[in-house]
Every structure is written in structure tokens, then in C-alpha cells.
Amino acid sequence: MKLVMSIVHHDDARPLVDSLLQRGLRATIVSTTGGFLREGNATVFVGIEDEQLNDVLELIRAACRTRTQHINPLPPIMEPGEMFIPAPIEVEMGGATVFVLDVAQFHRF
Ligand code: 2BA
Ligand code: 2BA
């Protein structure tokens, strides 16, 4: 058994879970925050049998698209008299960041 942990844009989480449910799969959505942008994202957990992995990865690929975002970098530490002119930098956010974990045990009580 595998646990697929997929960090996605929050707008993509619901369509992704809907497509998983349509295949009879089960999922859990957790609201998370990206460490870099400090913006809300969503983490979708899907517990599956090994042979369902490729289908699930394909559903994630189909539901999640790449976005470009502009952020203002934090000012560097400067010497007196130095000036920092902030310029937004472009950051590409992957459609989904996916970790696949082996499940040691699964129980439903
Ligand atoms: P929910 O997804 O809200 O599901 C609530 C209950 O609805 C489930 O209880 C199950 O009885 C039924 N259910 C869910 N998805 C179904 C589906 N595709 N087809 C038929 N019935 C379905 P539990 O199985 O006890 O699950 C309780 C909660 O545990 C779930 O809430 C979900 O958040 C999580 N969960 C269960 N199995 C999971 C898995 N394989 N992967 C990730 N999360 C899981
Ligand atoms: P954030 O941490 O808010 O990162 C958003 C985007 O900023 C990242 O997109 C990446 O393009 C960029 N970024 C993040 N950390 C960076 C760094 N140290 N230097 C330069 N650029 C950086 P994605 O890679 O698509 O990641 C989207 C979200 O997935 C991340 O949100 C984070 O919540 C999660 N994530 C990505 N890789 C992870 C990892 N190895 N472990 C845990 N979570 C991860």
C-alpha cells in the first residue's frame, strides 16, 4: 500500500479530490502553508493499493497546473549608507509536489 501526499494549489484541491472520488478512491484534504511564500496551499493524502499509483499520479498531473507568481524578496542585511531597491522576483510554482510513501500498516477501527 502507498500513501500519496500531494501539495497543491488550494484551487486545484477540490477538482483533484472529485476526480479521485469518481474512480472510487478515498482522500483527505489538509489546509497547509508553504514555507517559502507563506501562503495557503492544500495537501491531499490518498491511501491506495500499489497498482493504483500510476492512475493517481496521472489524475494529479491532470488536475494541477503550474502557476507563475511574483514575490518581493526580503531586504538583505546592509551596511549604513547602502540602499536596497526591492524588485519582485518571479517564482514558478509547480502544479503539484508529490511524495509517495510506503505504508507499513493500515487500520480502520
Ligand atoms: P471522507 O472522505 O469524508 O469519507 C467519509 C466516509 O465516506 C468514509 O469513512 C467511507 O465510509 C465513505 N467514503 C469515502 N470515500 C468513499 C468512496 N470513494 N466510495 C465509497 N464510500 C466512501 P472512512 O472510510 O472511515 O473514512 C473517514 C475519513 O478518513 C475520510 O473522510 C477521509 O478523510 C479519510 N480516509 C479514509 N480512507 C482514506 C484513504 N484511503 N486515503 C486518504 N484518506 C482516507
Ligand atoms: P512554498 O514553500 O510556498 O514555495 C512556493 C514556490 O517557491 C515553490 O514552488 C518554488 O518554486 C519556490 N521556492 C520554494 N522554496 C524555495 C527556495 N528555498 N529557494 C527558491 N525558490 C523556492 P514548488 O516547488 O512547486 O512548491 C510548492 C509548495 O510545495 C511549497 O510552497 C511547499 O509548501 C511545498 N513543497 C515543495 N517542495 C517541498 C519539499 N521538498 N518538502 C516539503 N514541502 C515542499
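Since we're looking at a predicted model, the values are computed, not measured. Atoms within each ligand, like the ligands themselves, are counted from 1 in listed order. Side chains included, hydrogens not; waters and symmetry mates left out as well; all remaining heavy atoms used.
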Does [atom] have any protein heavy atom closer than 4.0 Å?
| atom | value |
| --- | --- |
| atom 44 (C) of ligand 1 | yes |
| atom 28 (C) of ligand 1 | no |
| atom 39 (C) of ligand 1 | yes |
| atom 33 (O) of ligand 1 | yes |
| atom 6 (C) of ligand 1 | no |
| atom 3 (O) of ligand 1 | no |

Any N or O of G47 closer than 3.5 Å to N or O of ligand 1: yes
Going by distance only, is there an N or O of [X] that falls short of 3.5 Å from an N or O of ligand 2?
| X | result |
| --- | --- |
| G35 | yes |
| F36 | yes |
| L37 | yes |

Heavy-atom closest contact (M83 atom, M78 atom, distance): C-SD, 3.8 Å
Determine the minimum heavy-atom distance between M1 and D50, stating which atoms define it. N-OD1, 3.0 Å
Please report which non-hydrogen protein atom sits nearest to [atom], along with the residue it belongs to and the distance in Å to one decimal place.
| atom | value |
| --- | --- |
| atom 8 (C) of ligand 1 | R26 NH1, 4.2 Å |
| atom 42 (C) of ligand 1 | F45 O, 3.3 Å |
| atom 31 (O) of ligand 1 | A27 O, 4.9 Å |
| atom 23 (P) of ligand 1 | R108 NH2, 3.3 Å |

Return the [atom1] to [atom2] distance between [X] and [Y], rounded to the nearest 0.5 Å.
| X | Y | atom1 | atom2 | value |
| --- | --- | --- | --- | --- |
| D12 | S19 | CG | OG | 10.5 Å |
| N54 | I48 | CG | CD1 | 9.0 Å |
| E49 | D55 | CD | CG | 13.0 Å |
| L20 | Q52 | CG | CD | 10.0 Å |
| I60 | L16 | CD1 | CG | 6.0 Å |
| I77 | E79 | CD1 | CD | 10.0 Å |

For V8, which of V44, T43, I29, V98 qualifies under side chain to side chain contact (heavy atoms under 4.5 Å, CB included)? V44
I'd like to check which ligand 1 atoms, numbered from 1 as shown, lie under 4.0 Å from a non-hydrogen atom of [X].
| X | value |
| --- | --- |
| L25 | 18 (N) |
| V46 | 41 (N) |
| T28 | 32 (C), 33 (O), 34 (C), 35 (N), 42 (C), 43 (N), 44 (C) |

So with a 6.0 Å cut-off around CD1 of I89, is the heavy-atom count from everything else above 12? yes
So I71 and E39, side chain to side chain contact (heavy atoms under 4.5 Å, CB included) or not? Walk me through it. CA-CA 11 Å; I71 61 163; E39 286 187 4; 5.9 Å; no
Ranking T97, I89, T33, N41 by closest non-hydrogen atom to atom 30 (C) of ligand 2, top hit is N41
Per-atom contacts of ligand 2 with G34, taking only distances under 4.0 Å to non-hydrogen atoms: 1 (P), 2 (O), 3 (O), 31 (O), 33 (O)
Could you point out which residue of T33, T97, T32 forms a side-chain hydrogen bond (donor to acceptor under 3.5 Å, both in side chains) with N41? T32
